[in-house]
Q: 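This is the structure, below, for whatever I ask next.
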Amino acid sequence: MTGETTHNLRGDYSGMRPDYTVDQAWSAYTPEEHALWRRLYARQAALVPRYACREFIDSLAALDFGDAIPRFDAVNPKLARATNWRIVAVPGLLPDRAFFEHLAHRRFPVTVWLRTPAEFDYIVEPDVFHDFFGHVPLLFDPVFADYLQAYGKGGLKADALGAIEMLSRLYWYTVEFGLIATPAGVRAYGAGILSSGGELPYCIESDAPNRIGFDLLRIMRTRYKIDTFQETYFVIRDFRELFEATAPDFTPYYAELSHREPILPGAVLATDPVVRSEPPSANT
Ligand code: HBI
Ligand code: FE
C-alpha cells in the first residue's frame, strides 16, 4: 500500500520499537477475527488459480495459512530458508524511510491488525490480510525477493534525493498493482490486486483499464489513485525485467523526470505499447 504520514492511522504505534516493529501478540486475535480471516482467504484462494501468476499460485500452495491468522514466527524459518527474507510485525503504515530501511535489509513489514467485517470488500490502509496474503507469497520467489531489496535500497537513495514520489509510483505499479505476461495470458502479481475480491478479476478481464508494457520512466511519471480500481496497469515480461530495471543508479532518471509533467492515471500515450488481456479460458 502507499505510505502516508503516521498521523491518525489505525494502528497502535504506542508500544513500537525504534525501528517501528512490534510483537504480533497472536494470542490476542479473537475467534471472530480468525473467522473473518478464513472468509477473506477463501474468497481470494478461489480466484487465484484463474487470475494470479504461476509464482504466486505455487507459493500459496506451499504455504498453509487459510485456517487462521498466521503466526509470523512460524512462517519466518521457511521464508529465511527460501530467500533469506524475514517478516517483521508493524502497527501499520510506516514513514517511507523506515519502510525502505526494512526492505533494504530483507525485512518485510506486515501489519498486525485485521480489518473489520464491514471492510470485507475494501480497506484503505494495509491490514494483516493485505500484507500477508498479498505480499508474503512472492517473498518466496528469489528474483522478486531480490527486486524488493533493490527497491528498498533505491528508496533510501531516493529519499536523500527528494525523489520519493517517483519511486513510490514504481512500487505502486509493480509490487502493489503489477501484471505479468504469461503463455496463458496476462496474470496478476501485485499485492493490492491479489488481496482484492473485485480488482483481481477486473484487472484481467475488464476492457475498461489500460494495460501498458513495463517502462520504468513512464511509470515514474504516472500518478495513481489509492481509492479506486486502477485505470492503468503495467505489464512485465518476467520478474527479471523488474530486477534489471532497478540495477542502474536512478539519479539521472530523477534529473530527467524532474522537469517533465506527470502523466494522469488514465492517460495512454501514442508511444505506449498497449497489451491485450483475454479472460482466462474456463478450464484454467
Ligand atoms: N508502510 N507498513 C507499510 N507498508 C507499505 O506498503 C508502505 C509503508 N510505507 C510507505 C510505503 N508503503 C510506500 O509509500 C513506499 O512506496 C514508499
Ligand atoms: Fe501493500
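Here the structure is a predicted model, which means the values were calculated and not measured. For the numbers below, each heavy atom of this structure counts, side chains included, while hydrogens, waters and symmetry mates do not. Order of listing sets the numbers, starting from 1, for every ligand and every atom in it.
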Q: I'd like the name of whichever of Trp172, Tyr151, Phe99 reaches closest to atom 16 (O) of ligand 1 through any heavy atom.
A: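 Shortest heavy-atom distance from atom 16 (O) of ligand 1: Tyr151.
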Q: Would you say the side chains of Tyr147 and Thr174 form a donor-acceptor pair under 3.5 Å?
A: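 Yes, side-chain donor-acceptor contact under 3.5 Å.
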Q: With the side chain counted from C-beta on, respond yes when Trp113 and Glu125 share a heavy-atom pair under 4.5 Å apart, and no when they do not.
A: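 Trp113 vs Glu125: side chains touch.
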Q: Side chains of Glu119 and Thr116 only: does a donor on one sit below 3.5 Å from an acceptor on the other?
A: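 A pair is found: one side chain offers a donor N or O, the other an acceptor, under 3.5 Å apart.
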Q: Before signing off on this row, confirm whether Gly92 and ligand 1 have an N or O atom pair separated by under 3.5 Å.
A: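 Checking ligand 1 against Gly92, an N or O pair does fall under 3.5 Å apart.
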Q: For the residue pair Gln230 / Trp172, report whether a side-chain donor-acceptor contact shorter than 3.5 Å exists.
A: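 The criterion, which ignores hydrogens and geometry beyond distance, is satisfied for Gln230 and Trp172.
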Q: What atoms of ligand 1 come within less than 4.0 Å of a heavy atom belonging to Tyr171?
A: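 Here the atoms of ligand 1 in question are 6 (O), 16 (O).
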Q: Which of the atoms of ligand 1 are close to Ser168, meaning less than 4.0 Å from one of its heavy atoms?
A: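 It comes down to these atoms of ligand 1: 16 (O).
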Q: Who gets closest to atom 1 (N) of ligand 1 by heavy atom: Leu94, Leu170, Asp96?
A: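 Among Leu94, Leu170, Asp96, the closest heavy atom to atom 1 (N) of ligand 1 belongs to Leu94.
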Q: Which atoms of ligand 1 sit under 4.0 Å from any heavy atom of Phe100?
A: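 Going through ligand 1 atom by atom, the ones under 4.0 Å from Phe100 are 17 (C).
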Q: Any idea which N/O/S atom from His130 gets closest to the Fe ion (ligand 2)?
A: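 Going by distance to the Fe ion (ligand 2), the closest N, O or S atom in His130 is NE2.
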Q: How many angstroms lie between OH in Tyr41 and CG in Leu36, if you round to the nearest 0.5 Å?
A: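 Rounded to the nearest 0.5 Å, the OH-CG separation comes to 15.0 Å.
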Q: When the ring planes of Tyr224 and Tyr173 are compared, do they come out parallel, tilted or perpendicular, using 30° and 60° as the limits?
A: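 Tyr224 vs Tyr173 ring planes: perpendicular.
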